[in-house]
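First the proteins, then the strands, lettered A, B, ... as listed; each starts at 1.
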There are 2 protein chains.
Amino acid sequence: MLNTIIAKNLKQFRRSRQWSLAKAAAMTKVSKAMLGQIERQESSPTIATLWKIAKGFHLPLSVLIEPCALRSDSLATASHEQTICLDSDLQFRVLFSFDPLLCCEMFSHQLQPDRTHLSKAHELGVIEDIIVISGELEILVDESWQLLSAGDTLRFSADKNHGYRNIGKKEVIFHNIIHYPKIVTCH
Amino acid sequence: MLNTIIAKNLKQFRRSRQWSLAKAAAMTKVSKAMLGQIERQESSPTIATLWKIAKGFHLPLSVLIEPCALRSDSLATASHEQTICLDSDLQFRVLFSFDPLLCCEMFSHQLQPDRTHLSKAHELGVIEDIIVISGELEILVDESWQLLSAGDTLRFSADKNHGYRNIGKKEVIFHNIIHYPKIVTCH
DNA sequence: AATTATTGTGCGCTATAACGCACAATGATA
DNA sequence: TATCATTGTGCGTTATAGCGCACAATAATT
């Protein structure tokens with residue numbers, strides 16, 4: 001049930017900040033009686049109330065209505081596994097899988113010499129970061145190729161076709177971060 | 001206003017399917033009077049009602065509360081400069097400076113052997129990512145040290161004291177991303 | 001023109017979200 | 001022990017979400 005998810009999330013966020021109901025009420029401008037009822041699943045809050053709560057907690061609204069994934073406010077998640085996936089022309093592995101709170105994911109790529117990989121446009125508003133770890137990499141963005149060496153970075157809008165190619169002599173390793181547009185900024 | 005977004009989205013989805021209010025009411029089990037009020041922004045729906053609407057339209061709930069259009073600036077920014085800054089015990093340079101849209105920044109750090117760097121708690125809700133590029137790194141989080149080797153990653157809540165230390169024999173290079181909580185304003 | 005659907009909106013009613021306040025339970029201090 | 005502060009919950013009231021139904025406006029039939 002949706003109310004269960006909201007209740008758990010709210011309680012978890014409040015507890016992790018060590019806020020009392022009174023403190024949370026002051027931050028969100030929602031009465032502590034109502035906050036208590038929501039946490040006890042005795043009330044199905046209005047979207048306007050949820051909005052005030054999210055705003056008071058400085059959180060995107062969506063994390064309140066999503067099942068508590070890896071969000072856990074205080075836990076650290078480490079990944080040592082080198083889960084390497086093979087593609088036709090490049091190898092990659094997941095550094096950080098998609099997180100609904102941060103709305104981003106991160107990969108490590110390995111592209112062999114004389115290899116090119118083209119990527120279709122992502123969803124509107126997606127921004128991509130490239131960090132070259134070693135080797136030389138060329139990025140196709142806005143119809144032109146840009147050369148990046150080890151240590152170089154590039155940030156571009158990924159909602160149009162783009163590509164990666166390695167015209168060097170040794171393999172290139174680079175990381176990339178995909179930032180998906182965050183939910184709701186209303187004005 | 002959030003109600004404006006919901007109203008536009010609902011109306012758009014209904015119109016695109018050429019559903020009447022009666023049809024939409026039948027699909028969602030929400031009275032057509034209420035659907036009409038929501039579209040006219042005369043009512044701030046309950047999260048339970050929004051859920052029924054999303055289900056009836058076979059849509060994820062989040063798309064109802066997302067602004068329909070997200071613009072994309074088509075500029076790519078590259079940084080080649082190696083602006084290295086010196087600190088007492090570790091060197092770092094900026095990979096991506098803080099961006100108000102993404103609310104994150106990224107650094108590359110270089111920590112010499114037998115060096116320890118302690119960091120105070122960041123702002124509430126800040127999440128930090130660590131990606132070890134080379135060498136071995138120990139992270140102090142939740143009162144305990146965790147060992148990371150090249151290729152390992154760690155994500156943790158940075159709103160409490162934490163630290164980095166290098167107990168290996170060669171220098172360690174690691175990247176870190178600071179995710180600041182997205183602050184939303186509404187009126 | 002008159003009739004018949006089909007559209008969306010207005011009205012009254014009920015259920016409940018949301019409020020402020022008071023209280024009880026727990027812990028902390030003297 | 002008594003006193004004070006802080007926790008969360010229960011109660012009575014008000015505001016409003018949500019319902020069914022009826023009506024008005026439009027268009028499409030006869």
Side-chain angles (χ1 to χ4, degrees), chain A residues 1-59 61-66 68 73-74 184 186, chain B residues 1-59 61-66 68 124 184 186-187:
Chain A
M1 188 53 178
L2 186 56
N3 284 345
T4 310
I5 297 172
I6 296 175
K8 285 188 177 180
N9 286 341
L10 176 54
K11 196 160 203 167
Q12 179 185 325
F13 282 123
R14 186 172 66 84
R15 282 279 161 75
S16 70
R17 286 166 164 77
Q18 299 185 322
W19 286 1
S20 65
L21 284 178
K23 169 72 174 178
M27 295 297 291
T28 61
K29 310 297 181 192
V30 173
S31 71
K32 64 174 187 174
M34 178 49 52
L35 292 174
Q37 286 183 28
I38 293 173
E39 288 189 358
R40 275 174 277 129
Q41 301 180 45
E42 294 175 10
S43 180
S44 179
T46 303
I47 190 71
T49 301
L50 266 191
W51 174 261
K52 286 198 287 185
I53 294 174
K55 184 184 161 199
F57 278 76
H58 299 299
L59 290 171
L61 199 155
S62 57
V63 306
L64 287 176
I65 61 179
E66 277 172 33
C68 43
D73 237 13
S74 63
V184 279
C186 117
Chain B
M1 189 65 153
L2 184 58
N3 283 346
T4 310
I5 297 172
I6 297 174
K8 285 187 177 178
N9 286 340
L10 175 55
K11 196 160 205 167
Q12 178 185 321
F13 283 124
R14 188 172 63 86
R15 283 278 161 78
S16 70
R17 287 161 207 233
Q18 298 183 324
W19 286 1
S20 66
L21 283 179
K23 169 73 175 175
M27 294 298 291
T28 62
K29 310 298 181 191
V30 173
S31 72
K32 65 174 187 173
M34 178 49 52
L35 292 174
Q37 286 184 27
I38 293 173
E39 289 189 357
R40 276 174 276 129
Q41 302 179 45
E42 294 174 10
S43 180
S44 178
T46 303
I47 190 69
T49 301
L50 266 191
W51 178 260
K52 286 198 287 185
I53 294 174
K55 282 296 173 188
F57 278 77
H58 300 296
L59 289 171
L61 199 156
S62 56
V63 306
L64 287 176
I65 60 178
E66 281 177 36
C68 42
L124 211 60
V184 279
C186 175
H187 45 95

Sub-4.5 Å side-chain heavy-atom contact between A/L10 and A/F57: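 Result yes, sub-4.5 Å side-chain heavy-atom pair found.
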
Heavy-atom side-chain proximity of A/I5 to A/I65 below 4.5 angstrom: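 Side-chain contact under 4.5 Å: no.
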
Bracket string, DNA chain D, 5' to 3' - pairs by Watson-Crick or G-U geometry under 3.5 Å, | interstrand: ||||||.||||||||||||||||.||||||

Sequence neighbours excluded - ring-ring contact (aromatic ring centres under 6.0 Å, His included) pairs with any residue from residues 23-44 of chain B: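 Of all non-adjacent pairs touching residues 23-44 of chain B, none passes ring-ring contact (aromatic ring centres under 6.0 Å, His included).
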
Side-chain donor-acceptor pairs under 3.5 Å in residues 27-37 of chain A, sequence neighbours left out?
unit_1	atom_1	unit_2	atom_2	d
A/T28	OG1	A/A24	O	2.7
A/T28	OG1	A/V30	N	3.3
A/S31	OG	A/M34	N	3.3

Per-nucleotide protein contact string for nucleotides 6-19 of chain D, where B marks a base within reach and S marks sugar-phosphate only (heavy atoms under 4.0 Å, - for neither): -SBBB------SBB

Spacing between A/Q41 atom CD and C/dA18 atom C1', to the nearest angstrom: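 So the CD-C1' distance, A/Q41 to C/dA18, works out to 18 Å.
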
Gap separating the CG atom of B/L50 from the CD1 atom of B/I6, nearest 0.5 angstrom: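 If I round to the nearest 0.5 Å, the distance is 5.0 Å.
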
Straight-line distance of A/N9 CG to A/I38 CD1, nearest 0.5 Å: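 These two atoms lie 12.0 Å from each other.
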
Which atom of B/R14 lies closest to which atom of B/E39, heavy atoms considered: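 Closest approach of B/R14 to B/E39, heavy atoms only: NE-OE2, 2.7 Å.
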
Distance-only donor-acceptor hits, side chain of residues 41-49 of chain A, under 3.5 Å, sequence neighbours excluded:
unit_1	atom_1	unit_2	atom_2	d
A/Q41	OE1	A/T4	OG1	3.1
A/E42	OE1	A/R40	NH1	3.0
A/E42	OE2	A/R40	NH1	3.1

